[in-house]
Number of protein chains: 2
Amino acid sequence: MIIVSFLEKSLLYLCDMEKCETIKAPQLNDFKSLDSSMLQQLKDGSQFIFIPKGRMVFKEGQQLTKLYCLEDGACKFSKMDTAGHEHILKLLGKGELLGKRSLISHQGAKVSARTLKDSRFWAMDRGVIQKAINENPKFCKQLLFALTDDLNQSEHSRVLFSSSKGIRQRLASLLLYLNDKFGINTDGELALQLKREDMAAILGTSPEYIINILKEFKSQNLISTSKTRIKIISTAALEKRFS
Amino acid sequence: MIIVSFLEKSLLYLCDMEKCETIKAPQLNDFKSLDSSMLQQLKDGSQFIFIPKGRMVFKEGQQLTKLYCLEDGACKFSKMDTAGHEHILKLLGKGELLGKRSLISHQGAKVSARTLKDSRFWAMDRGVIQKAINENPKFCKQLLFALTDDLNQSEHSRVLFSSSKGIRQRLASLLLYLNDKFGINTDGELALQLKREDMAAILGTSPEYIINILKEFKSQNLISTSKTRIKIISTAALEKRFS
DNA sequence: CCAAAAAGCTGACAATTATCATATTCTGTT
DNA sequence: AACAGAATATGATAATTGTCAGCTTTTTGG
């Protein structure tokens with residue numbers, strides 16, 4: 001039954017695709033300064049993939065054969081610790097790349113990637129990418145920039161969400177981060193709805209405690225919730241109290 | 001007086017240098033697979049620098065004009081959070097590079113670097129490095145590998161030292177990590193002596209609490225201390241109890 | 001729309017961690 | 001060897017966080 005549902009979504013997606021593809025090209029944030037002929041080459045050697053919410057894109061340790069560009073949707077990178085707990089290291093949005101490191105260094109993936117929304121990818125073959133690395137200095141340099149940026153972001157979020165700040169403050173930082181990176185929907189709610197469990201896996205605590213603090217935030221009129229969605233009432237108030 | 005001391009050490013170092021340099025070439029772990037002509041080019045366009053323990057090499061935000069290779073000694077990378085607390089992101093040992101990102105992307109440094117021991121660097125000029133990036137595909141690819149590795153390490157230590165594990169376990173992980181990466185001296189004590197404050201800044205807690213747990217470890221015969229140095233009595237016992 | 005499964009919530013109690021002021025030891029410099 | 005300043009140690013108290021079992025709501029698939 002999961003398969004039927006998967007197929008349905010895929011078919012819906014395929015119907016849309018023809019319209020979509022002509023309307024807007026894949027974004028490839030990380031390669032935005034590449035010249036168009038290079039972009040075209042990458043585009044030619046790639047195919048679209050649809051993966052519904054909650055599915056694994058690839059798993060820690062797996063040898064990748066594709067470089068993925070997230071055309072639309074959202075994903076998480078995570079690692080398991082020795083005790084079997086998940087640690088979410090990065091949230092990915094439109095235009096971001098998945099699999100860079102594995103293709104650069106021929107190692108298995110160091111993180112697992114899972115979709116947080118229904119997502120569309122542009123999957124580029126290993127061969128195309130490796131040819132580009134070896135033959136096109138500009139591409140290689142773009143990759144350098146992309147990795148530099150990855151490291152910067154990784155360290156930034158490490159400080160942002162690290163302990164030594166109390167979970168209240170870290171959760172406030174996370175809500176503001178979600179607001180900045182993924183924006184809000186038409187009702188003003190955070191566009192990326194994370195499970196309490198995922199928030200806990202980002203901040204290094206338990207889902208129950210996240211829930212307790214969210215309740216506190218609600219009672220302080222910093223946020224409101226409807227069903228399981230969260231709306232920030234005032235980003236300024238959140239920032240002020242917890243930054 | 002600090003200056004006198006600095007000069008003395010520098011002079012001592014200069015006296016040693018002639019002997020040293022002919023004996024062993026800088027290690028450049030990150031570039032180890034480069035051909036020797038490339039290594040020679042890098043070496044020609046560089047100079048030795050001595051920086052005593054506890055000094056800043058560069059500061060968050062600073063525009064760098066050198067790529068540093070740590071010939072001997074040890075350093076830390078850290079960032080300040082909005083509350084002014086230090087977060088140590090990485091410990092660096094022999095052969096590691098400092099300043100890669102700043103030279104790749106012309107941005108200010110994203111971290112501060114400070115020596116944890118008297119240290120010798122090989123400082124390569126920005127011009128030499130940028131020429132190498134642009135003209136030598138092999139060098140560019142080596143940098144890709146180095147950055148990939150940085151990211152891998154960053155994520156690994158993020159999981160290793162993250163909350164969700166209790167500080168007892170994180171501190172045990174840290175001691176084992178220090179043992180692996182920096183080894184022990186002739187008395188069997190950890191070769192890199194970190195201040196309790198630095199341990200706290202790695203694990204995201206307070207120096208006092210670190211001290212309390214070290215006392216606990218001592219009473220459990222997992223470690224012993226003499227003066228302020230730490231000796232792991234049995235790595236196996238530490239691993240067993242806290243992994 | 002229904003049933004089942006998943007996710008969210010509750011609150012009290014236990015465990016962990018932060019903090020403080022103070023005391024001791026260590027380090028580098030004369 | 002002695003000094004000053006830094007780093008380390010102490011321990012009790014307060015605050016934060018983890019945990020549990022059971023409950024309610026929401027989502028999912030059909």
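Letters go in sequence order (proteins before strands), and every chain restarts at 1. The structure presented is a predicted model; accordingly, all values stated were derived computationally and were not measured.
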**Request:** Mark up nucleotides 8-21 of chain D, 5' to 3', with B wherever a protein heavy atom is under 4.0 angstrom from a base atom, S wherever such an atom reaches only the sugar-phosphate, and - elsewhere.
**Result:** SBBS----SBSBB-
**Request:** For the pair A:Asp187 and A:Lys231, evaluate salt bridge (charged side-chain N to carboxylate O under 4.0 Å, His left out) and give the outcome as yes or no after the intermediate values.
**Result:** CA-CA 8 Å; A:Asp187 294 324; A:Lys231 179 175 181 172; over 6 Å; no
**Nearest-angstrom distance from the residue atom CG of B:Leu203 to P of C:dA18** = 10 Å
**Prompt:** Does the side chain of B:Leu222 reach to within under 4.5 Å of the side chain of B:Ile232, using non-hydrogen atoms?
**Reply:** no
**Message:** Strictly below 4.0 Å, N to O, side chains only: are B:Asp150 and B:Lys90 in salt-bridge contact?
**Reply:** yes
**Message:** Using ring centroids (six-membered ring only for Trp), state whether A:Phe182 and A:Tyr177 fall under 6.0 Å.
**Reply:** no
**Prompt:** Given side chains that start at C-beta, do those of B:Asp81 and B:His87 come closer than 4.5 Å, heavy atoms only?
**Reply:** yes
**Donor on one side chain, acceptor on other, B:Glu189 and B:Ser226, under 3.5 Å** = yes
**Request:** Round to a whole Å and report the spacing from CZ of A:Arg229 to P of C:dG8.
**Result:** 12 Å
**Complete:** Overall bend of the helix from C:dC1-D:dG30 to C:dT30-D:dA1 (five pairs an end, 10° steps) is 70°
**Item:** Check: A:Asp198 and A:Gln193 side chains under 4.5 Å, non-hydrogen atoms
**Value:** no
**Asked** Applying the side-chain contact (heavy atoms from CB on, under 4.5 Å) test to B:Met199, which of B:Ile211, B:Ile213, B:Leu171, B:Thr205 qualifies?
**Response** B:Leu171
**Item:** Length of the CD-C1' vector between A:Gln193 and C:dA6, whole Å
**Value:** 15 Å
